[in-house]
Amino acid sequence: MTSNNIEARVRKIIVDQLDVNEEQVTPEASFLDDLGADSLDTVELVMAFEDEFKDEIRGEISESEAEKMRTVKDVIDFINKKLASE
Amino acid sequence: MATVLEISRTSKRVVVTGIGLVTPIGIGVSESWENLLAGKSGITGVTSFDATGYPCRVAGEVKNFNPAEWVSSKVVRRNDSYALYAIVATKLAVADANINLDEIDRSRIGVIVGSGIGGMSTISEQSKIFHEKGHRYISPFMIPALIANIASGIIAIEFGLKGPNFGVLSACATGTHAMGEAFNLLELGKADAIFAGGSEAAVTPLSFAGFCSMRAMSTSYNDTPETASRPFDATRDGFVMGNGSGVLLLETLEHALARKAKIYCEIIGYSASCDAYHITSPDPTGGGLIQCYEELFAETGVNPTEVQYINAHGTSTPYNDKFETLAIKKFFGAHADKLLVSSIKGATGHLLGATGAVEAAVCAKTIETGKIVPTINYSIPDPECDLNYVPNKSTTADIQYAISQNMGFGGQNATMMFKKFSS
């Protein structure tokens, strides 16, 4: 239930920020290659994830962590991993 | 002088072939023009923020403007209103010019759209985030949204235009300088066509605070907003800020003729000068503006007595209107009494960096139609402002030559001369 909830929240942020349809936001979709994002969009996306999930990740998303977030699944996995490590 | 003549012999002729306006009195050239002729005011109480407690609480805001009808929501979200007004004004100019961009060489089409201030609301909003949450939460789009040259860049991306592209910045003279620099490039053959003009979205709490602090804004007419901007009237007490954009398509004559374009008028001269006197006050002798006139008439070879219409800067501040009038009288001498001199700022407010472009559009429409827009809210004559300001009611006259003039903070002056087109 929790992970579904996280996925839904991640997907909503992506839909809002990148102006894409919900169907396009598949787990494998790449922000840069499939969802029309540019480098500035990805910076803003990570800021939005950090803000939305501040209770789950309890801290900042580092630059090296942000660089690894290339697909929708990367983001969901990152947040779940943070939750599991509590 | 020899150099000037040599350039004019070899230079290309430049014409106005498209107009796009987004103003407090209309979206599109027809609506804005008809409302100007009818003497309507676009000034209301401020609606975009709570102006309670500010000495000035009136503004010319753009009504019924929904950028999402014109561009993608991504473009809307990334950009400041000043850039969105400019994109929409350019789309309107493209439609008005009836130009098919697929049939022309886009590497020869430039964009020079400036802004007096740039992304003021972006600066304010991001500054708040900076102080409340810290540097990590500043948007990666803040810098591109606020820089005053981005309107030109975004317009180029939107239409794929790869010719000369930059912003021009001279506060309230921005629109005229932008058009003038475009005119120069076209004369020199550096491009075939240029979208030129200005855009402004400075009706924000921070800019109101700044301009009020300067005592530059109107404060006595908050209960009757539509009467607050009253250029050349004895009871004027400051300017009223307005939002909007004007973008004109300027083309070399050969390019315009090749595509059988409708021609509003020809641009035959542009001059620029500086008062070098004070950061915000105009030179009390009118010297900077007079120097512009001298160069404008030397360059065009037109006799001052041939000019029938001046679209004045006419900001409704006590100083501007007085010294602008003085400069006209000093330079034109006895002919000053025969001139029709009107300011649209009574109706639109002062669109800062956009105003020169909107007023150039008015000059083009004046020459095209033979109709002169009035200076509205004119009721009590000021002994120091005693020209024919076309008070309150439009008039008609066959105009062969018209001048648009604007002065910006920094003492930066620009004038442009328009001529009825004949091949």
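Sequence lines set the chain letters: A, B, ... in the order given, protein chains first and strands last, and positions in each chain run from 1.
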Relative to chain A, which segment of [X] carries a heavy atom at a distance below 4.5 Å: side chain, backbone, both, or neither?
| X | value |
| --- | --- |
| B/Arg136 | both |
| B/Ile143 | neither |
| B/Phe141 | side chain |

Considering non-hydrogen atoms only, spot the tightest contact between [X] and [Y] and give its length.
| X | Y | result |
| --- | --- | --- |
| B/Lys74 | A/Leu18 | CD-O, 4.1 Å |
| B/Pro140 | A/Met47 | CD-SD, 4.0 Å |
| A/Glu44 | B/Ser139 | OE2-OG, 3.6 Å |

Can you tell me if [atom1] on [X] sees more than 12 non-hydrogen neighbours from other groups inside 6.0 Å?
| X | atom1 | value |
| --- | --- | --- |
| A/Lys12 | NZ | no |
| B/Asn64 | CG | no |
| B/Asn98 | CG | no |
| B/Phe130 | CZ | no |
| A/Lys73 | NZ | no |

Quiz prompt | Contacting moiety of A/Ile61, where chain B heavy atoms sit under 4.5 Å | solution =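 The backbone, not the side chain.
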Self-check item: B/Arg77 with A/Asp16: basic N within carboxylate O range, under 4.0 Å
Solution: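 No salt bridge links B/Arg77 with A/Asp16.
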Practice problem: Run the salt-bridge test on B/Arg78 and A/Asp19 with the 4.0 Å N-O cut-off and return the result as yes or no. | Solution: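 No, no charged N to carboxylate O under 4.0 Å.
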